[in-house]
Structure formats: structure tokens, C-alpha cells
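Proteins get letters first, then strands, A, B, ... in listed order; numbering begins at 1 in each.
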Number of protein chains: 2
Amino acid sequence: MRLSAKVEYGVRAMAILAIYYQGDPVPLRQIAEQEQISLKFLEQIFPDLKRVELVTSVRGSRGGYRLMRPPEEIRVGDIVRAVEGPITPVNCLAEGDDDSCCHRRGACLTRQVWARLRDKINDVLDDVTLDELVEVSAGKE
Amino acid sequence: MRLSAKVEYGVRAMAILAIYYQGDPVPLRQIAEQEQISLKFLEQIFPDLKRVELVTSVRGSRGGYRLMRPPEEIRVGDIVRAVEGPITPVNCLAEGDDDSCCHRRGACLTRQVWARLRDKINDVLDDVTLDELVEVSAGKE
DNA sequence: GCAATACCCGAGTTGTTTAGTCGGAATTAA
DNA sequence: TTAATTCCGACTAAACAACTCGGGTATTGC
């Protein structure tokens, strides 16, 4: 029951972008240094964030990334799902697998628990916005 | 954000044990057949369940496993933690890692979100008992 | 007693995933 | 032009997952 490093880094990076919201785009190099994350690894993560239109990019010198929406309209769940795909605690809950597991008795009994778990995880992650995440350090720069 | 097959099988197996609670101990071979799980793999899972005293074993011919407590006193969370260890969405939340991550700014900001996620996951899993899990099929044999 | 049945133990294997690395091409401000 | 940046695709070493395999030991029905 662990999140990938990609997700962890992605959320941290987005938190940085939220701090520097309004202002020049932030280059990945800067995030990499501040958060001690490999630049090349960050470069793999941001296409996912761009694809779902959470960020926009500015190419070239003095370019970088910025949030596409204000921090209070971006939820942690959006980031997690963008980077890692939909939350599926067990295979059985992935799409197209609706009844393939239910000829076994125990599988069907437990299925609803996993579905509920999935829903609650999404709830928790969707309950927190980037704004709330960084407000504790508001004004620190 | 996925559970391991060990956990999934473990919960399914425990559901079977709950169904056959009161009665002869259930041999792993039977669970393996009913749930289409490798017997050898089940044999790897059950020591974990025994260690935390969720089940007891009866050795010898006509032996097997049975629940150590009634189904209404066993929570899905107990099983998950027994088989997979404590829920830790990110490394930072593992024990002994309390401040090793907080010299990086984004890490500390996000930490509380992961902690909350961990707590909610535990809540959901601890909210369901084995009894509730199998009661939908009560009387089916 | 003895064969059958169950649990117990640890190593090995195979395939997938993770967490990156590496090199370079396209784009842009200065 | 040059330096900084995003973009793109391939590659890889290590870890992990999901088993398999081969036995060993204890217990019981008969």
C-alpha cells in the first residue's frame, strides 16, 4: 500500500509551483535542486501533469512550468491520478474485470471492501487542495 | 496504490474460515481449490496470520486452520497489517524517518496529507469485520 | 505401526515494476 | 550565437512480486 516516488515527487513539485504561482514560470532545474530530485526524473513526470492540463510549459531559455489553474482549484487527487493512473487497490477493480473474479466465492465477498477503500482514498486525496497544502508556509518568501 | 496478492488472498482465505467457523478446521488444500490459489503460496501467508494470533492450526490428518476469535472480532485491517505490515503510503512515514525528509520544503508540506491518508486507510479497513464481510452469504451452506 | 495428511522451512525462479540514467533534438531569451 | 530550457525515446540496474520446488517434521486415522 505505497505510493510511487513519481507521485510523491509530483505532489512536492506541484506544491513548489503553487508557492511560486503568479510570477515567472519555474524551471525544473530549480525544483530539482530545492527538493533534491533528479532533474531527468522530473522531466518524466511533468508530461503527465501537462497531459491532464494541470500545468502549462514555456519552452526555451527562462522557460519552465506554471500551474494552469489557481492552487485552490487543484486537488492532490488530481495529481496522484495524473501520474499514477486511477486508484485500484486490487486487480479485480480495474476496468473490464467486473465479473472475471466472481466465480470464486471469497473474491466476490471482499470486492466491496476494496471498492469502498478505493472510494475513501479518492475522497481523502480530493479533499485537499494545493492551496491548503502550502498555506501553512504562506509569506515565507 | 495497490495491495499485494498476498493480502488479497489472505483476506479471501480468512473469509472462507469465517464461513466455516464452528466446525472442523479447514485445510489449506480446500481453500486453495475453492479460491484457485496456489497451495504453496497459501502456506506462506498463514504463518503471518498465526503469528499475530488471528488463526490457530491443527496439525495432522483432518487438521487445518480455524479462526482464533469469532468473525465479529476480526477486522480486515488486522489481516492486511499482519500480512503486509503497517500501512505507509510514503517512506517518510515509516518509523525512524520522522525528520529525515523535512530539510526539503515540499516534503514537509505534503507529509501531513500522507499521514491523513494512512489514517483513513486504516479507518476503512478497521471498520469492516469478517462477520460483516460474509454475512451476505450466511446460510449458503 | 504406518501411511496419509497436514503444517513448516528456505531457497530458487521468472517476470514485472521502479527509479532512475543517458543522449540528444527542438525551442527561445538575451 | 549561446545558454537555458522543455521535449522525446530508449536503456538499465536493482528491487519486488508472485509464485515454484523440494524437502522435513509432526500428528492422526486406521
Quickly work out the [X] [atom1] to [N] [atom2] distance and round it to whole Å.
{"X": "A/R2", "N": "D/dC16", "atom1": "CZ", "atom2": "C1'", "answer": "12 Å"}
{"X": "A/D48", "N": "D/dT6", "atom1": "CG", "atom2": "C1'", "answer": "15 Å"}
{"X": "A/M1", "N": "D/dA17", "atom1": "CE", "atom2": "P", "answer": "14 Å"}
{"X": "A/R66", "N": "D/dT6", "atom1": "CZ", "atom2": "C1'", "answer": "14 Å"}

Excluding sequence neighbours, so at least two apart, what forms salt bridge (Lys or Arg N to Asp or Glu O under 4.0 Å) with [X]?
{"X": "A/E43", "value": "A/K40"}
{"X": "B/R29", "value": "none"}
{"X": "A/D131", "value": "none"}
{"X": "B/D127", "value": "A/R116"}

### Message
What contact category does B/Y65 fall into here, base, sugar-phosphate, or nothing, at under 4.0 angstrom with non-hydrogen atoms?
### Response
sugar-phosphate
### Task
Mark up nucleotides 18-30 of chain D, 5' to 3', with B wherever a protein heavy atom is under 4.0 angstrom from a base atom, S wherever such an atom reaches only the sugar-phosphate, and - elsewhere.
SBBBBB-BSBB--
### Query
Is there side-chain contact between A/I19 and B/L109, with at least one heavy-atom pair below 4.5 Å?
yes
Check: residues 66-83 of chain A side-chain donor-acceptor pairs under 3.5 Å, at least two apart:
residue : atom : partner : partner atom : Å
A/R66   : NH2  : A/G23   : O            : 3.0
A/R69   : NH1  : A/E73   : O            : 3.1
A/R75   : NH1  : A/D126  : O            : 2.9
A/D78   : OD1  : A/R81   : NH2          : 3.3
A/D78   : OD2  : A/R75   : N            : 3.0
A/R81   : NH1  : A/N122  : OD1          : 2.9
A/R81   : NH1  : A/D126  : OD1          : 3.4
A/R81   : NH1  : A/D126  : OD2          : 3.4
A/R81   : NH2  : A/D126  : OD1          : 2.9

### Task
Sort and list the pairs that fulfil side chain to side chain donor-acceptor pair (under 3.5 Å) and have at least one residue in residues 52-61 of chain B, not counting sequence neighbours.
B/K50-B/S57
### Query
Where does the chain B footprint on DNA chain C start and end, counting 5' to 3' with a 4.0 Å heavy-atom cut-off?
C/dT5 to C/dA11
### Selection residues 55-77 of chain B - residue pairs positive for ring-ring contact (aromatic ring centres under 6.0 Å, His included), sequence neighbours left out
B/F46-B/Y65
